[in-house]
Amino acid sequence: MGGFTSNIKSIYWPETRTLVALALPICGAQLAQAGMSVVDVIMTGRHNATDLAAVSVGSSLWMPLMLFMTGTLMGLTPIVAHLLGGKRNAEIRPAVHQALWVALVLGFTAAALLWTVVTPIFELMKVPPAVARESAAYLSAVAFGMPGIALFQALRAFSDGMNHTRPALWISLVGLTVNIPSNYLLIYGGDGLVNLLGDGLPSALQQLPALGAFGCGIATALSMWTMAVAMAFYTRKGRTYQSVSIWQTLTPPTLSGIRELIVVGVPIGVAIFVEVTLFTLIALFIASFGEVTVGAHQIALSFTSILFMLPMSLSMALTVRVGNTLGQQRSAMARTVAWNGIVISVIVAVINSTLLWFTAVPVISLYTSNADIQALALTIISLAVIFQLSDSLQVNLAGALRGYKDTRIVMVITVLSYWIVGLGGGHWLGTHGIGDMSDPLGVHGYWIGLIAGLSTAALLLAWRLKWISQQE
């Protein structure tokens, strides 16, 4: 008993404090970036319904692209963490430069896609012409920001790998601060300024056009580039990065450096893309169930997504800690770091489940006053309470495995668990039920499928982490 208590004091508690200290700023940064999407929805919704629909449809196209880029560039974090832990600082600068080259290619490719392929997609989706026109304009503006957000994510991955997660928080808040007034000015134009500040404004400001969804896209792109420039400035001037000096000289693209990032990063990007498309496809499948069902599903998903920020941030911090420890050639300690993080993820899951259970009714009432939607959303959230454990476990097990640079098997497990078990099983339960035992379960069937998919992923990832941690 005394030895166990001593281990808690000397190993587990200090490691837990370090992990949480890394994770909390990441969580704040994620919430700040999510806040930009919330601001976009609120402000365009107050302008008119067409702009709201245009931004909602457009976001469903550019957000998966951005998340794929983010996941791919996250491969830089364990690379930097390994090098830093092994005191191989001279190798960090060229690794970061390869990520910046990849970020530029990804950013411009994403921009090109948003400029060229959205119209055929809208025709395929049978989007109403007015919404399609405004959404295409919105995406054409957002496209200018894609290289900027890609550069920001590359520099953020570098900073996280250096155990310096706070800059992403502060700079994401800067981006949000730019986004809010830019949105207001560009969406509502001069009339909006007059309503806000009165008639004493210069005539030039009063005559600014209201650009609606297109203005929202410009504001989003402006925020993206603001974050990129701010992160570049900080990584150049910040003391933490002086030992690396990534802006001293520029390393040209090298096949070996880019290959390492692609091998580690692309599976992360694919895994994140698969997760995003899982929820997108579920939303499309349940659209035929009616407005009440769709509304209840969106409320439950929105609420649980906010709570998911904490386990996801813990996962990103766990990648850094495991990578640092492995870089120091301390494989036994890396196992301890990884499994200690998994224990913390269980505690986080219990907290999230408790919050969901006790706050569901008042939170749902903030979203809607419709009694039917409230009642259905409450039953869905009751299911969401169950999967908090498997959700927190699977994302943190994946985070620990990223610290080992083991990402390809994680990608395979994610695809199988999410699309086959989660989506396939959920669709079967939602539309067919359990054989002769029940009628189709509707939206509840899809959420039961989510529970099954996340639990499958958690079990398989736990097996993988146990295996690979014993190989080091």
Side-chain angles (χ1 to χ4, degrees), residues 26 30 60 63-78 106 153 157 261-285 301 304-305 307-319 322-323 338 341-342 345-346 348-349 384 386-428 446-469:
I26 295 175
Q30 297 298 118
S60 70
M63 283 295 291
L65 282 175
M66 189 198 73
L67 290 171
F68 173 76
M69 293 193 304
T70 300
T72 300
L73 296 166
M74 279 171 59
L76 180 63
T77 299
L106 290 174
Q153 296 294 356
L261 178 62
I262 295 299
V263 167
V264 177
V266 167
I268 301 175
V270 171
I272 293 175
F273 182 82
V274 165
E275 183 174 1
V276 172
T277 52
L278 167 69
F279 289 99
T280 301
L281 290 171
I282 288 176
L284 291 174
F285 282 135
L301 186 59
T304 54
S305 295
L307 292 179
F308 181 66
M309 294 291 182
L310 186 53
M312 181 175 66
S313 302
L314 187 70
S315 165
M316 295 169 72
L318 191 55
T319 298
V322 172
I342 301 308
S345 75
V346 172
V348 168
I386 299 172
F387 77 57
Q388 293 306 302
L389 177 60
S390 54
D391 201 11
S392 186
L393 277 173
Q394 64 90 19
V395 74
N396 279 279
L397 287 161
L401 286 165
R402 286 198 298 269
Y404 281 93
K405 297 184 183 179
D406 183 55
T407 57
R408 281 177 288 184
I409 298 300
V410 174
M411 177 185 69
V412 173
I413 290 173
T414 300
V415 171
L416 293 176
S417 300
Y418 286 3
W419 277 3
I420 296 180
V421 179
L423 182 60
H427 185 62
W428 181 265
Y446 285 96
W447 281 76
I448 292 170
L450 282 176
I451 295 172
L454 293 169
S455 300
T456 301
L459 289 171
L460 292 174
L461 290 170
W463 163 80
R464 180 64 179 178
L465 180 60
K466 180 180 179 182
W467 182 85
I468 200 166
S469 64

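The first residue of the sequence shown is numbered 1, and numbering continues consecutively from there. Below, all heavy atoms of this structure are taken into account, side chains as well, without hydrogens, waters or symmetry copies.
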Passing option when Ser345 is tested against Asp391, Leu397, Leu393 for side chain to side chain contact (heavy atoms under 4.5 Å, CB included): Leu393

Pairs touching residues 406-417 that satisfy salt bridge (Lys or Arg N to Asp or Glu O under 4.0 Å), sequence neighbours left out: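 For residues 406-417: Asp406-Arg464.
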
Heavy atoms only: give me the nearest [X]-[Y] pair and the separation to one decimal.
X	Y	result
Pro64	Val276	CG-CG1, 4.1 Å
Ala400	Leu318	CB-CD2, 3.8 Å
Leu401	Ile468	CD2-CG2, 3.6 Å
Pro267	Ile262	CD-O, 3.6 Å
Thr407	Val264	OG1-O, 3.0 Å
Tyr418	Leu278	O-CD1, 3.5 Å

Between [atom1] on residue [X] and [atom2] on residue [Y], distance to nearest 0.5 Å:
X	Y	atom1	atom2	answer
Ile409	Leu465	CD1	CG	13.5 Å
Gln394	Phe387	CD	CZ	10.0 Å
Gln153	Leu73	CD	CG	7.5 Å
Ser417	Leu450	OG	CG	12.0 Å
Leu67	Ile268	CG	CD1	13.0 Å

Is there a donor-acceptor contact under 3.5 Å from the side chain of [X] to the main chain of [Y]?
X	Y	value
Ser392	Leu389	no
Ser315	Pro311	no
Gln388	Ala384	yes

Classify the ring geometry between Phe68 and Phe273 as parallel (under 30°), tilted (30 to 60°) or perpendicular (over 60°). perpendicular

Run the numbers on Met411 and Val266 for side chain to side chain contact (heavy atoms under 4.5 Å, CB included), then give the verdict. CA-CA 9 Å; Met411 177 185 69; Val266 167; 5.8 Å; no

Show your reasoning for whether side chain to side chain contact (heavy atoms under 4.5 Å, CB included) applies to Arg402 and Val410. CA-CA 8 Å; Arg402 286 198 298 269; Val410 174; 5.9 Å; no

Counting C-beta onward and ignoring hydrogens, is there a side-chain heavy-atom pair between [X] and [Y] closer than 4.5 Å?
X	Y	result
Val395	Phe308	yes
Met74	Ile272	yes
Leu261	Leu76	yes

Expected list for residues 454-463: side-chain donor-acceptor pairs under 3.5 angstrom, two or more places apart:
from, atom 1, to, atom 2, distance (Å)
Ser455, OG, Ile451, O, 2.7
Thr456, OG1, Ala452, O, 2.8

For Val348 and Leu314: C-alpha separation, side-chain torsions, deciding distance, then whether side chain to side chain contact (heavy atoms under 4.5 Å, CB included) applies. CA-CA 9 Å; Val348 168; Leu314 187 70; 4.2 Å; yes

Could I get the full list of side-chain contact (heavy atoms from CB on, under 4.5 Å) partners for Thr77, not counting sequence neighbours?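 Ala157, Asp160, Thr319, Val320.
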
